[in-house]
Amino acid sequence: MSTNITAPRGTQDLLPPESTRRQALEARIHVLAARFGYGEIRTPIFEATELFERGVGGTTDIVEKEMYTFTDKGERSLTLRPEFTAPVVRAALEHKLFAQGPQRLYYVGPFFRQERPQKGRFRQAHQFGVECFGYTGPEAEAEVISIAWELVRIHGISDAVLNVNSVGDAQCRPRYREALLAHFRPHAGALSEDSQRRLERNPLRILDSKDERDVPLIATAPTFEDVLCEGCREHFAAVRSLLDTLGIPYAVNPRIVRGLDYYTRTVFEITSSALGAQSTVCGGGRYDDLVASLGGPAVPGVGFGLGIERFEMMLEARGAFETPPRRGVQAIALGAQARLTLLPIVAELRRLERPAFIDFNDRKVLAHLKIADRNNARHAIIVGSDELAAGEFVLRDLATRDEERLPLGRAQDVAARLVERMR
RNA sequence: GUGGCUGUAGCUCAGUUGGUUAGAGCGCUAGACUGUGACUCCAGAGGUCGCGGGUUCGAGUCCCGUCAGCCACCCCA
């Protein structure tokens with residue numbers, strides 16, 4: 001077994017029937033994004049390493065220890081994308097999209113992080129995300145959140161929770177940092193080891209801690225609302241008001257702090273109890289300074305990323321997948337001569353956009369019907385020596401078990417008649 | 001990167017204080033039923049017990065290493 005090559009750690013093969021469900025989910029995503037006026041963007045799976053160092057933030061865990069970075073034969077440092085926002089901004093700049101006004105883009109695809117795998121966490125995972133560029137107003141947040149929430153809603157997921165917060169902007173965030181330092185520093189000795197380290201590096205992260213030694217101090221810590229500047233405070237209030245107007249339920253959670261450096265003002269998360277410790281299925285927010293920091297104009301943006309695998313875990317927890325209805329025709333050929341007769345009919349059915357299945361082995365009718373069941377076929381057409389002699393075939397409805405004999409003839413005619421019958 | 005748990009048939013799992021030829025259910029293939037799918041009965045195929053090393057007369061079982069999975073931490077989708 002281990003002498004055989006297996007999929008790399010933290011990656012997975014997607015096989016039927018799971019791949020069929022993935023296709024269906026992606027199809028719903030494409031329809032949903034189009035409904036909001038978003039166009040799909042596809043960027044390379046790897047980028048210049050510098051893009052992520054500058055875009056995501058050099059001190060984030062993602063950049064510091066989770067990237068798949070390699071050097072190619074031209075001595076370029078490249079990195080498998082660990083997230084999508086920086087590549088999307090890079091592409092938009094490269095193609096001068098911002099010269100054409102606001103842009104609404106979405107993507108679906110794989111991303112890569114070298115973390116230790118666990119429930120809901122993989123080294124290659126897939127993400128659906130949107131980026132809305134060019135609007136400073138709170139309507140952009142409302143729109144972007146609406147898309148994510150609509151995806152949750154149309155799937156009947158009931159235990160999803162939307163949390164929102166504001167992390168301020170370049171003016172008030174440093175003030176918040178100072179306020180947190182003033183709060184935690186006198187009690188540094190009582191904090192967990194992790195949080196003591198975070199105190200100097202990124203005190204915001206302490207708010208995220210689950211360590212019970214940190215909990216009491218976190219509970220009394222100042223919140224962003226205490227120090228937000230007037231502009232940020234008004235903006236956050238406007239976002240909440242729009243969510244109320246749109247009927248999207250949410251909770252203000254002063255403890256959500258996203259792990260990427262580029263967020264400004266609004267941040268949000270959708271979480272679910274179905275996901276274990278990795279409870280976030282969707283995370284996003286506003287990033288008003290990112291485009292400029294990557295060398296572009298001062299274009300604001302709002303976006304989110306939604307984990308496809310985690311979303312599927314929520315679907316699984318929600319309840320059984322409905323069994324798909326029977327569809328298509330199983331061609332049952334008893335003998336070589338019957339196969340010759342049925343093959344052109346099968347081909348013609350497929351041309352008429354009807355699923356048609358056929359097994360090429362010599363088996364009994366019984367075995368063929370079991371295969372038809374496995375294929376979830378709606379009908380079977382059976383041809384054996386009796387039928388060939390009579391110039392007929394049997395059409396069997398596998399749901400009702402009704403049968404009738406119909407005349408054979410030109411494949412086109414038989415297929416056309418079948419399509420008519422099966423309507 | 002750290003810690004805990006677990007690797008036996010395609011799947012889910014038994015396997016006694018170390019003892020002869022490693023088992024069950026489901027699934028698969030075939031038969032009973034000579035041409036009719038959800039039930040029943042019968043048979044068959046399928047495993048170098050994750051991999052490597054060690055202890056032992058003897059290892060699926062004990063020890064070490066390694067790889068992988070799961071769960072948690074860190075972090076995040």
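All chains are named by letter (A, B, ...) in the order of the sequence lines, taking the proteins before the strands, and each is independently numbered beginning at 1.
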Please check if atom CZ in A:Phe46 has more than 12 non-hydrogen atoms from other residues, nucleotides or ligands closer than 6.0 Å.
no
Could you state the CZ-P distance from A:Phe268 to B:C76, rounded to the nearest angstrom?
16 Å
Go ahead and name the base partner of B:G46; Watson-Crick or wobble counts if both distances stay under 3.5 Å, otherwise write none.
none
Does B:A72 have its OP1 or OP2 closer than 4.0 Å to a side-chain nitrogen or oxygen of A:Gln118?
yes
Could you tell me the Watson-Crick or G-U partner of B:U40, where both distances fall under 3.5 Å? Say none if there is no partner.
B:A32
Measuring only the C1' atom in each nucleotide, how far is B:C74 from B:C11? A whole number of Å is fine.
34 Å
Which part of the nucleic acid, if any, lies within contact of A:Gly129, taking any heavy atom under 4.0 Å across all strands shown: a base, the sugar-phosphate backbone alone, or nothing?
nothing
Could you tell me which nucleotide pairs with B:G7 by Watson-Crick or G-U wobble geometry, both distances under 3.5 Å, or answer none if nothing does?
B:C67
Around atom CD of A:Glu353, are there more than 12 heavy atoms from other residues, nucleotides or ligands closer than 6.0 Å?
no
Rounded to whole Å, the CD-P distance (A:Glu312 to B:A77) equals 18 Å
Between A:Glu40 and A:Arg42, is there a salt bridge with N-O shorter than 4.0 Å?
yes
When you get a sec, tell me which of B:C76, B:G69, B:C75 is the closest nucleotide to the side chain of A:Thr280?
B:C76
Are any of the side-chain nitrogens in A:Glu178 or A:Arg175 under 4.0 Å away from the carboxylate oxygens of its partner?
no
With rounding to whole Å, what would you report as the distance between B:C57 and B:U40 at their C1' atoms?
50 Å
Parallel, tilted or perpendicular: ring planes of A:Phe84 versus A:Tyr107, cut at 30 and 60 degrees
parallel
Would you mind building the protein contact string for nucleotides 33-43 of chain B? One character per nucleotide, 5' to 3', B for base within reach (heavy atoms under 4.0 Å), S for sugar-phosphate only, - for untouched.
-SBBBB-----
Distance, rounded to the nearest Å, where A:Asn361 contributes CG and B:A30 contributes C1'
13 Å
When all nucleic acid strands are considered with a 4.0 Å heavy-atom cut-off, which category describes A:Phe304: base, sugar-phosphate, or nothing?
nothing
Given atom CG of A:Leu207 and atom C1' of B:C76, what is their separation to the nearest angstrom?
17 Å
In Watson-Crick or G-U wobble terms, both distances under 3.5 Å, what is the partner of B:G1?
B:C73
Both distances below 3.5 Å, Watson-Crick or wobble geometry, any strand: find the nucleotide opposite B:A24.
B:U12
Nearest-Å distance once atom P is located in both B:A22 and B:U48
12 Å
Once you apply a heavy-atom cut-off of 4.0 Å, does A:Gly284 come out as touching a base, just sugar-phosphate, or nothing?
nothing
Of the candidates B:A30, B:G3, B:C76, the side chain of A:Arg363 sits closest to B:A30
Nearest-angstrom distance, C1' atom, B:G50 to B:G7
6 Å
Expressed as a whole number of Å, how far does the C1' atom of B:C62 sit from that of B:A77?
43 Å
I would like to know whether A:Arg113 and A:Asp61 meet salt bridge (Lys or Arg N to Asp or Glu O under 4.0 Å); could you show each step before the answer?
CA-CA 10 Å; A:Arg113 290 181 198 171; A:Asp61 276 30; over 6 Å; no
Atom CD of A:Glu269 and atom P of B:C76: how far apart are they, to the nearest Å?
9 Å
Atom CZ of A:Arg123 to atom P of B:C67: distance rounded to whole Å?
11 Å
When the C1' atoms of B:U66 and B:G10 are considered, how many whole Å apart are they?
26 Å
Looking for any heavy atom pair under 4.0 Å, which part of the strands does A:Gln127 touch: base, sugar-phosphate only, or nothing?
sugar-phosphate
Please give the distance between the P atoms of B:C51 and B:G60 as a whole number of Å.
11 Å
Can the positive tip of A:Arg240 be found less than 6.0 Å from the middle of the six-membered ring of A:Phe236, inside 45° of the ring normal?
yes
Do the two ring centres, one from A:Phe128 and one from A:Phe304, sit under 6.0 Å apart?
yes
Between A:Tyr176 and A:Pro222 (side chain of the first, backbone of the second, donor and acceptor by atom type, cut-off under 3.5 Å), is there such a pair?
yes
Counting Watson-Crick and G-U wobble pairs only, both distances under 3.5 Å, name the nucleotide matched with B:U56, or none.
none
Mind checking if A:Phe122 touches a base, just sugar-phosphate, or nothing, with heavy atoms under 4.0 Å?
base
Atom-to-atom span, CD of A:Gln114 to C1' of B:U2 - whole angstrom:
15 Å
Using distance alone, with no hydrogens and no angle criterion, decide if A:Glu131 and A:Tyr106 have a side-chain donor and acceptor under 3.5 Å apart.
no
In whole angstroms, the gap separating C1' of B:C76 from OH of A:Tyr262 amounts to 12 Å
Between A:Gly120 and A:Arg116, name the one whose nearest nucleotide on RNA chain B is closer to the 5' end.
A:Arg116
On a plain distance test, is the side chain of A:Arg121 in donor-acceptor contact with the base of B:C74 below 3.5 Å?
yes
Please confirm whether any donor atom in the side chain of A:Arg374 sits under 3.5 Å from an acceptor in the base of B:C28, or the reverse.
no
